[in-house]
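For reference, the structure is listed below as structure tokens.
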Amino acid sequence: MKWQRVPGPGRVWAECREKIRHVRLRGDVEAYVDGQLTGAHRVRVAAHIACCWACSGSLQLLRLVKASLRHHPQRTPPSLASARVRRFAHHLTTPPGQDRPRR
């Protein structure tokens, strides 16, 4: 039987502290992308992003999403009222005796 080394409390605490830090930084990375951070806080977040692969990945993902939203026209689904008006107009313009589309 091979013994496995169990991490000590210092190691476990360091991992927990790092996870808590990332939860707190998630909002900071979003604010960093939006350009809302200034001064020392911006420098601190930029330094963390430079050395953390998870946060730098989140940064790239946010930048791609924002670029995609910026470059494509906003598409909104047609309203229910306009769909009903179109269906009613089609109903009025279809001559009697022709097949009307079923609902």
Side-chain angles (χ1 to χ4, degrees):
M1 180 176 201
K2 193 172 187 179
W3 288 93
Q4 293 181 353
R5 185 177 171 118
V6 177
R11 175 80 174 145
V12 172
W13 173 243
E15 289 176 7
C16 288
R17 205 173 42 212
E18 189 65 21
K19 287 180 183 178
I20 291 169
R21 185 176 180 204
H22 277 94
V23 168
R24 287 182 186 155
L25 279 173
R26 185 174 298 148
D28 289 343
V29 172
E30 293 170 3
Y32 181 83
V33 171
D34 291 338
Q36 297 174 344
L37 300 181
T38 58
H41 194 82
R42 177 175 169 68
V43 171
R44 217 173 327 140
V45 172
H48 176 76
I49 289 171
C51 66
C52 177
W53 65 269
C55 290
S56 65
S58 295
L59 175 76
Q60 290 299 320
L61 178 65
L62 286 169
R63 283 182 175 165
L64 287 172
V65 168
K66 288 181 180 290
S68 175
L69 291 173
R70 203 176 315 118
H71 290 25
H72 295 289
Q74 184 178 5
R75 297 181 186 160
T76 57
S79 69
L80 183 59
S82 65
R84 286 181 176 163
V85 168
R86 271 192 304 254
R87 187 178 336 140
F88 184 68
H90 180 73
H91 175 75
L92 290 176
T93 58
T94 304
Q98 285 190 347
D99 288 347
R100 294 185 175 146
R102 297 258 179 201
R103 292 187 211 193

OG-NE2 distance between S56 and H48, expressed to the nearest 0.5 angstrom: 9.0 Å
Nearest-0.5 Å distance that lies between atom CZ in R63 and atom OH in Y32: 6.0 Å
Name of the residue among D28, L59, V33 meeting side chain to side chain contact (heavy atoms under 4.5 Å, CB included) with I49: L59
Check: D34 and K66 side chains under 4.5 Å, non-hydrogen atoms: yes
Polar side-chain atom of T94 near backbone of H90 as donor-acceptor pair, under 3.5 Å: yes
